[in-house]
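Taking it in order: structure first as structure tokens, then the write-up.
Counting from 1, the numbers follow the sequence of the chain as shown.
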Amino acid sequence: QLLKLTPILQDYTADYCDPRSKISLIRRVSAAGFVRLGAKLAADHYEKCAKYSEFLELGYSYNEKLGEYSKALEIINRLIELDPANANYRFSRAKIYEDTKRFEKALMDQISTLDLLGRPQEVDAQQFYEIATMYAQLGRFCEAATPLETYISYDFVKRKNPQIDRIIGEYRTKGNCKQSTSADNTSVRVRKSGAVLLVEVTLNNVTGLFILDTGASLVSVTKSFANKAKITADIEDKVTLQTANGLTDGLLATASSIQVGNAYSTFVPVVVVDDAKLGSDDNVVGLLGMSFLSRFAMKFEKDSVELRNRL
């Protein structure tokens with residue numbers, strides 16, 4: 001192995017801090033079997049040479065490969081600080097947490113990953129499965145079904161299949177989950193305000209005005225409304241969301257029940273955000289997103305939306 005390493009090290013020029021050439025050389029060192037040395041060189045060049053994120057990415061990759069999870073976690077945390085909107089970094093950290101059995105933290109990062117990837121209807125199925133798997137690892141089977149229901153709701157004809165139906169059914173059986181219900185063709189009045197639709201929503205028996213948002217993967221509520229509705233959220237359960245006003249942090253929680261007209265569902269994942277972060281007037285207290293809406297087929301009329309139970 002040393003014979004493989006010698007010609008690589010000879011390529012190190014007097015210009016030790018040329019970052020682009022060193023990235024290539026570090027990759028060659030690792031490919032020659034010296035992964036630990038590659039990790040050390042990546043850290044050394046980042047600290048002493050140039051603050052290129054590529055050095056940190058290599059350091060993370062090599063430490064993760066070596067099973068040095070604490071070092072890998074330290075590096076990926078630095079990368080997230082540098083680029084908090086990077087979905088790949090969140091996903092990488094989620095995998096570290098999953099490998100070290102810290103499923104609650106893995107869940108937060110997988111949810112953040114989905115939101116940071118952009119339009120949820122265009123995100124690959126695997127990301128929804130990742131979230132479902134983390135909920136299941138935590139024994140929260142009713143919530144585990146929700147991301148899969150959300151995935152198929154974006155193209156029900158093409159995405160619904162026996163495999164995904166079986167997984168959703170297994171989760172709902174394990175969680176002894178109450179089925180979502182609505183009378184056939186339940187019509188709910190909506191009011192247009194600018195470019196958005198407003199609808200009355202009852203969450204844990206407390207009613208408020210919500211924006212109907214099919215582009216939001218989760219239902220969101222303000223802290224003040226969450227307090228009224230007795231939604232409890234752990235300060236450790238932080239997720240990062242991409243909103244029209246930029247990145248914002250929220251706390252993941254679960255609503256015991258949500259009702260819109262006669263459409264009713266239980267164990268609905270929600271995110272609690274600061275009141276000012278919602279960025280809306282009209283006394284709006286939340287966004288009615290797909291963690292509820294995916295359970296129903298929707299048909300929009302001029303002044304109403306029709307909800308029909310899918311489950």
Side-chain angles (χ1 to χ4, degrees), residues 1-118 123-134 137-138 236-240 242 247 249:
Q1 279 191 319
L2 286 173
L3 292 176
K4 292 181 183 178
L5 185 62
T6 300
I8 298 173
L9 295 179
Q10 285 175 346
D11 286 340
Y12 271 79
T13 65
D15 183 13
Y16 184 73
C17 279
D18 173 27
R20 291 300 178 187
S21 65
K22 295 307 178 288
I23 288 170
S24 175
L25 287 167
I26 291 169
R27 288 196 177 107
R28 289 172 61 192
V29 168
S30 174
F34 296 89
V35 180
R36 197 173 299 278
L37 177 58
K40 185 178 184 308
L41 289 172
D44 182 54
H45 281 297
Y46 182 82
E47 296 297 339
K48 299 178 181 178
C49 199
K51 301 294 185 183
Y52 274 50
S53 61
E54 289 94 331
F55 288 130
L56 290 179
E57 289 170 0
L58 288 175
Y60 161 78
S61 176
Y62 297 154
N63 278 294
E64 193 273 339
K65 185 176 181 179
L66 292 164
E68 298 284 355
Y69 295 128
S70 60
K71 289 182 181 178
L73 184 59
E74 179 183 340
I75 295 169
I76 203 66
N77 281 337
R78 294 179 72 176
L79 283 166
I80 290 172
E81 287 177 10
L82 292 170
D83 188 0
N86 191 306
N88 291 329
Y89 294 162
R90 302 285 178 152
F91 183 83
S92 295
R93 188 169 69 179
K95 285 304 184 182
I96 291 289
Y97 285 139
E98 183 179 352
D99 287 342
T100 53
K101 310 298 183 185
R102 300 164 73 180
F103 299 122
E104 189 81 26
K105 287 186 174 293
L107 172 64
M108 303 308 130
D109 273 336
Q110 291 293 10
I111 289 174
S112 298
T113 298
L114 174 61
D115 211 81
L116 294 173
L117 282 170
V123 176
D124 187 78
Q126 185 59 38
Q127 189 56 44
F128 295 88
Y129 278 98
E130 296 281 358
I131 297 170
T133 301
M134 290 305 96
Q137 288 284 5
L138 292 165
E236 295 294 321
D237 292 346
K238 185 184 292 184
V239 296
T240 301
Q242 183 71 263
L247 293 184
D249 289 332

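With respect to Gln242, the side chain to side chain contact (heavy atoms under 4.5 Å, CB included) criterion is satisfied by exactly one of Leu114, Leu117, Leu116: Leu116.
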Yes or no on side-chain contact (heavy atoms from CB on, under 4.5 Å) for Lys105 and Arg93, after CA distance, side-chain angles and deciding distance?
-> CA-CA 9 Å; Lys105 287 186 174 293; Arg93 188 169 69 179; over 6 Å; no
List the steps and the verdict of salt bridge (charged side-chain N to carboxylate O under 4.0 Å, His left out) for Glu236 and Arg102.
-> CA-CA 12 Å; Glu236 295 294 321; Arg102 300 164 73 180; over 6 Å; no
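Taking CG of Asn88 as the start and CD1 of Ile80 as the end, the distance is 11.0 Å to the nearest 0.5 Å. The distance from the CD atom of Glu81 to the CZ atom of Arg78 is 8.0 Å, given to the nearest 0.5 Å. Between atom OH of residue Tyr62 and atom CZ of residue Arg27 there is a gap of 6.5 Å, rounded to the nearest 0.5 Å. We find the CZ-CD1 distance between Phe91 and Ile76 to be 11.5 Å, quoted to the nearest 0.5 Å. The distance from the NZ atom of Lys22 to the CG atom of Leu41 is 10.5 Å, given to the nearest 0.5 Å. Once rounded to the nearest 0.5 Å, the distance linking CE of Met108 with OH of Tyr97 reads 11.0 Å.
Considering every non-hydrogen atom in both Gly59 and Ala42, the closest pair reads N-CB, 3.8 Å. Heavy atoms only, all atoms of each residue included: Ala94 and Asp109 are closest at CB-CB, 3.6 Å. The two residues Leu66 and Arg36 come nearest to each other via the heavy atoms CD1-CA, 3.7 Å. Here the closest heavy-atom approach between residue Asn63 and residue Ala39 is recorded as ND2-CB, 3.9 Å. Ala72 and Tyr60 get closest at one heavy-atom pair: O-CD1, 3.4 Å.
For Arg90, the side chain to side chain donor-acceptor pair (under 3.5 Å) partners at least two apart in sequence or on another chain are Thr240. Judged as a side chain to side chain donor-acceptor pair (under 3.5 Å), and not counting sequence neighbours, Lys71 has no contacts.
Within a 6.0 Å sphere centred on NZ of Lys51, heavy atoms belonging to other residues, nucleotides or ligands number more than 12.
Proximity of Glu130 to Lys95: side-chain heavy atoms (C-beta onward) are separated by under 4.5 Å at one or more points. Side-chain contact check for Leu56 versus Leu82: some heavy-atom pair is nearer than 4.5 Å. At a threshold of 4.5 Å between non-hydrogen side-chain atoms, the residues Leu107 and Ile131 count as touching. Leu79 has its side chain out of reach of Asn86: every pair of non-hydrogen atoms, C-beta onward, lies at least 4.5 Å apart.
Not one N or O on the side chain of Gln110 forms a donor-acceptor pair closer than 3.5 Å with the backbone of Gln127. Using modelled atom types, no side-chain atom of Ser61 and backbone atom of Glu57 make a donor-acceptor pair closer than 3.5 Å. Counting only distance, with no hydrogens or angles, the side chain of Tyr52 and the backbone of Ile23 share no donor-acceptor pair below 3.5 Å.
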